[in-house]
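Below, each value reflects all heavy atoms present in this structure, side chains not excepted, and no hydrogens, waters or symmetry copies.
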Amino acid sequence: MTPLHRLNDTDPHAPDSKTLEDYVNAIKEVASLYSVGQIIDLYTESGLNPNFAPCAKRCFHDGSDGLNDLLHPNANGHEEIADYIIRAIT
């Protein structure tokens, strides 16, 4: 399973200057190398992206509960993840 998008996830991070997308691609490459039949691709296919304001408001914590890191999904976000996974595996 690939990770969800994060706020500003296209910015490279030290020490290796890799982006989150680089890690997603590595996950897919290793899965292919080991003949993993299916990848649950939350990064590319779930539609959950906190960099897109409507999605951020609908699916990520808004600070009302003290958490507003635009990384952790709220209840709506978890429901969308579950729905995506169900669609992907059926």
- With no hydrogens and no angle check, is any side-chain donor or acceptor of Asn51 less than 3.5 Å from a backbone partner on Asn8? yes
- Message: Can a donor-acceptor pair be found, under 3.5 Å and without considering hydrogens, that links the side chain of Thr2 to the backbone of Tyr43?
- Response: yes
- Approximate separation, where rounding is to 0.5 Å, of His61 NE2 and Asn74 CG: 6.0 Å
- Task: Supply the members, apart from Tyr23, of the Ile/Leu/Val/Met/Phe/Trp/Tyr cluster built from side-chain contacts under 4.5 Å; use none for a lone residue.
- Result: none
- Is the closest side-chain heavy-atom distance between Pro50 and Leu71 below 4.5 Å? no
- Query: Is Gln38 atom CD crowded by more than 12 heavy atoms from other residues, nucleotides or ligands, each under 6.0 Å away?
  - Reply: yes
- Heavy-atom side-chain contact between Leu48 and Ile81 under 4.5 Å: yes
- Query: Does Glu80 use its side chain to pair, donor to acceptor, with the backbone of Gly47 at less than 3.5 Å?
  - Reply: no
- Ignoring hydrogens and angles, tell me if any N or O in the side chain of Asp9 forms a donor-acceptor pair with the backbone of Arg6 under 3.5 Å. yes
- Item | Same apolar cluster: Val36 and Val24, side chain cutoff 4.5 Å | no
- Message: Can you tell me how far apart CD1 (Ile40) and CD1 (Ile27) are? Round to the nearest 0.5 Å.
- Response: 12.5 Å
- Item | Rounded distance [0.5 Å steps], CG in Asp41 versus CE in Met1 | 10.5 Å
- Message: For His72 together with Phe60, are the ring centres under 6.0 Å from each other?
- Response: no
- Donor-acceptor pair, side chain of Thr90 and main chain of Ile86, under 3.5 angstrom: yes
- Query: Asn25 side chain to Asp22 main-chain N or O, any donor-acceptor pair under 3.5 Å?
  - Reply: no
